[in-house]
Amino acid sequence: MKITLVTVGKIKESYLADAIEEYKKRLGRYCKLEILQVADEKTPDNASALLEEQIKDKEGERILALIRAEAYVVALAIEGMMLTSEGLAEKIGRLGVDGVSHLVFIIGGSLGLSRNVLSRADYQLSFSKMTFPHQMMRVILLEQIYRSYRILNHEPYHK
């Protein structure tokens, strides 16, 4: 299966970049992984709700331009469904059995995802009701995808 992460903004911290590279290496034996980044929009302090929506829309257009029509899209959204690690593994496994060959995970910018991106998503996934830095979510998501493949292959992984 091909897995694509579409993310907003660049990784600025070297320790996060190192963790991402480690999980990319580990995932190489299970799937073809690519990480695509789109530019983030600068959000001024005290931005109005309208301006925030416009910013999300601009980022959303960039995201949607990278998604192929046949891809199964999972948007990370705080209001999405929460799964256990085993539940995510089951979902990934089921998609593979159902013939999905390209799975796209979307991580929005600091303001979240536009309505257009959320409506394109086939599934909305929430990691928590808490807010996490979007750069850190890349590491967390990659770790959970790696854990999913370990579970699917009945390989040991710490709990």
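Computed over heavy atoms, backbone and side chain alike; hydrogens, waters and symmetry mates excluded.
Ion pair K25/E22 flagged as a salt bridge, since at least one NZ, NE, NH1 or NH2 atom sits closer than 4.0 Å to an Asp/Glu carboxylate oxygen. A salt bridge links E53 with K56: at least one charged nitrogen is closer than 4.0 Å to a carboxylate oxygen. Looking at E143 and R26, no side-chain N of the basic residue comes within less than 4.0 Å of a carboxylate O on the acidic one, giving no salt bridge. Using a 4.0 Å cut-off between charged side-chain N and carboxylate O, E21 and K24 make a salt bridge.
Looking at V139, I35, D18, I20 one by one, the single match for side chain to side chain contact (heavy atoms under 4.5 Å, CB included) with I11 turns out to be I20.
The line from CE of M137 to CD1 of I107 is 6.0 Å long, rounded to the nearest 0.5 Å. Of the inter-residue distances, the one linking I140 atom CD1 with Y23 atom OH reads 10.5 Å to the nearest 0.5 angstrom. Here the straight-line distance linking atom OG of S114 with atom CG of L64 works out to 6.0 Å at 0.5 Å rounding.
Between the side chains of Q144 and S85, at least one donor-acceptor pair of N or O atoms lies under 3.5 Å. A side-chain N or O of T4 and one of H102 form a donor-acceptor pair less than 3.5 Å apart. Judged purely by distance below 3.5 Å, without hydrogens or angles, the side chains of Q37 and R62 never pair a donor atom with an acceptor atom.
Side-chain contact between T7 and H134 is absent, with no heavy atoms from C-beta onward closer than 4.5 Å.
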- request: Begin from the C-alpha positions of Y30 and E155 and carry the test side-chain hydrogen bond (donor to acceptor under 3.5 Å, both in side chains) through to its verdict.
  value: CA-CA 12 Å; Y30 300 107; E155 297 170 350; 2.3 Å; yes

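Counted within 6.0 Å of NZ on K2, heavy atoms from surrounding residues, nucleotides or ligands total more than 12; the atom is thus considered enclosed. More than 12 non-hydrogen atoms from other residues, nucleotides or ligands lie less than 6.0 angstrom from CE of M82.
Both L152 and Y72 are members of a single hydrophobic cluster when ILVMFWY side chains are connected at heavy-atom separations under 4.5 Å.
Across all their heavy atoms, A77 and L118 have their closest contact at CB-CD2, 3.9 Å. For the pair Y149 and I3, the tightest heavy-atom approach, listed with the atom from each and the gap, is OH-CD1, 3.6 Å.
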